[in-house]
Amino acid sequence: MTDIILALDVSTGKDALSIAKKTAPFIDAIKIGYPLVLAAGLEIANQLSDEGLPLIADFKVADIPNTSRLIAEEVFSHGFSGIICHGFVGRDSVLACVETAHDHGGECYVVTEMSHPGAVDFFHGGIAERIAGLVCETNADGIIAPATRPERTSLLRTLIGTKKILSPGVGAQGGDPAAIASIVDGIIVGRAIYEAKDPGSAAEEYSRFRT
Ligand code: BMP
């Protein structure tokens with residue numbers, strides 16, 4: 001199954017709620033993070049939950065285990081169903097997010113390799129592969145891997161088996177959804193939907209890649 005996940009990185013709660021309503025029939029989950037939460041507050045999560053879609057908290061948590069756990073507790077007490085954390089911080093910090101997510105019946109996704117050009121400066125050379133190993137060891141639910149480098153995401157698939165892959169980088173960052181859809185469990189799309197003249201139609205276009 002391939003889901004369409006809307007990255008709702010708009011800067012007002014009003015825009016967020018309006019775009020969520022227009023796109024809801026064509027998407028499977030909404031991901032929000034610093035841009036929207038810093039602008040509108042974490043309470044926006046409760047308002048967005050009216051659409052009845054899973055909400056993923058993209059704070060790319062990267063802290064010591066205790067702080068990571070406190071962040072994750074706050075996230076899950078606001079109705080999110082998933083959290084994204086970084087993997088490079090190491091096993092204990094990842095485990096803090098995974099355990100807190102599972103305690104609340106939620107999911108934890110770990111960033112293994114990012115989609116932007118500069119990601120190769122650090123994630124290549126074995127780091128992404130090591131993080132994929134950590135994902136299996138910590139029983140995380142899945143990874144974030146780049147739609148901009150389908151060959152890398154395919155490689156990461158061989159390391160994580162049937163765990164989920166959510167993949168950002170299509171549309172505005174140049175990734176081709178047709179090249180990645182069959183490899184991943186979710187395509188994350190932001191600007192190509194929320195900056196479109198008609199976000200509902202743009203979301204409907206991407207829904208062609210849903211399976
Ligand atoms: P857009 O489709 O507008 O490029 O947005 C992509 C979304 O996915 C953004 O919220 C971004 O922070 C996130 N993301 C990404 O683009 N690449 C990554 O490697 C990891 C991400 O979470």
Side-chain angles (χ1 to χ4, degrees), residues 2-12 15-16 19-20 23 26-40 44-45 48 53-62 71 75 80 82-89 94 97 107-124 127-129 131-132 135 140-157 160 164-181 183-197 199 202-203 205-207 209:
T2 309
D3 287 345
I4 302 298
I5 300 160
L6 173 64
L8 199 47
D9 295 327
V10 294
S11 50
T12 70
D15 284 349
I19 292 169
T23 56
F26 311 110
I27 63 174
D28 303 286
I30 297 174
K31 176 179 89 64
I32 67 172
Y34 295 110
L36 180 59
V37 169
L38 291 177
I44 191 69
L48 285 169
L53 293 166
L55 270 185
I56 300 171
D58 180 5
F59 297 125
K60 295 191 181 63
V61 183
I71 295 168
V75 159
F80 287 90
I83 190 168
I84 297 174
C85 70
H86 264 301
F88 66 79
V89 279
V94 170
C97 283
E107 295 187 330
C108 177
Y109 299 95
V110 182
V111 177
T112 48
E113 173 169 331
M114 296 188 74
S115 58
H116 60 302
V120 304
D121 295 344
F122 183 72
F123 287 103
H124 284 194
I127 302 287
E129 289 85 344
I131 295 173
V135 166
D141 299 276
I143 65 170
I144 306 295
T148 46
R149 284 179 225 99
E151 73 291 351
R152 291 285 301 163
T153 297
S154 291
L155 170 77
L156 292 167
R157 165 62 79 204
I160 60 153
K164 291 187 192 168
I165 303 182
L166 308 187
S167 191
V170 301
Q173 295 180 53
D176 174 7
I180 197 86
I183 309 169
V184 302
D185 303 275
I187 296 172
I188 298 174
V189 194
R191 287 164 286 178
I193 293 178
Y194 70 73
E195 285 183 351
K197 208 161 165 231
E205 266 301 299
Y206 276 98
S207 71
F209 298 100

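In listed order, ligands and their atoms are each counted from 1.
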Within the 4.5 Å heavy-atom criterion, are Arg152 and Glu129 side-chain neighbours or not?
yes
Residue Pro168 vicinity, atoms of ligand 1 by number, heavy atom under 4.0 Å
8 (O), 14 (N), 15 (C), 16 (O), 17 (N), 18 (C), 19 (O), 20 (C), 21 (C)
Closer than 4.0 Å to some heavy atom of Asp9 - which atoms of ligand 1 meet that?
9 (C), 10 (O)
Is there a side-chain contact between Leu36 and Val10 in this structure, where contact means two heavy atoms from C-beta onward sitting under 4.5 Å apart?
yes
Whether the Thr148 and Gln173 side chains hold a donor-acceptor pair (N or O, under 3.5 Å, no angle test) is what I'd like checked.
no
If you measure every N/O of Lys31 against every N/O of ligand 1, is any gap under 3.5 Å?
yes
Need the ligand 1 atom indices (1-based, order shown) with element for anything under 4.0 Å from a heavy-atom of Asp58.
22 (O)
Would you say that Phe26 contacts Ile4 through its side chain, given a criterion of any heavy-atom pair below 4.5 Å between the two side chains?
no
Is there a donor-acceptor pair under 3.5 Å between the side chain of Arg149 and the backbone N or O of Gly175?
no
To the nearest 0.1 Å, how far is atom 2 (O) of ligand 1 from its closest protein heavy atom, and which atom is that?
Gly190 N, 2.8 Å
Output the list of atoms in ligand 1 that are nearer than 4.0 Å to some heavy atom of Arg191, sorted by atom number.
1 (P), 2 (O), 3 (O), 4 (O)
Numbered atoms of ligand 1 (with element) below 4.0 Å of Lys60, judged on heavy atoms:
12 (O), 20 (C), 21 (C), 22 (O)
Any N or O of Glu113 closer than 3.5 Å to N or O of ligand 1:
no
Does any non-hydrogen side-chain atom of Phe122 lie less than 4.5 Å from one of Ile127?
yes
Would Ser115 count as being in polar contact with ligand 1, using the rule that some N or O on each side must be under 3.5 angstrom apart?
yes
Numbered atoms and elements of ligand 1 in range of Ala7, under 4.0 angstrom, heavy atoms:
7 (C), 10 (O)
protein heavy-atom neighbour closest to atom 6 (C) of ligand 1 works out as Gln173 NE2, 3.7 Å
Taking C-beta and beyond as the side chain, do Ile188 and Ile56 meet within less than 4.5 Å on heavy atoms?
no
For ligand 1 and Ile144, I'd like to know whether there is a polar contact (N/O to N/O, distance under 3.5 Å).
no
With a 4.5 Å limit on heavy-atom distance, are the side chains of Phe123 and Ile131 in contact?
yes
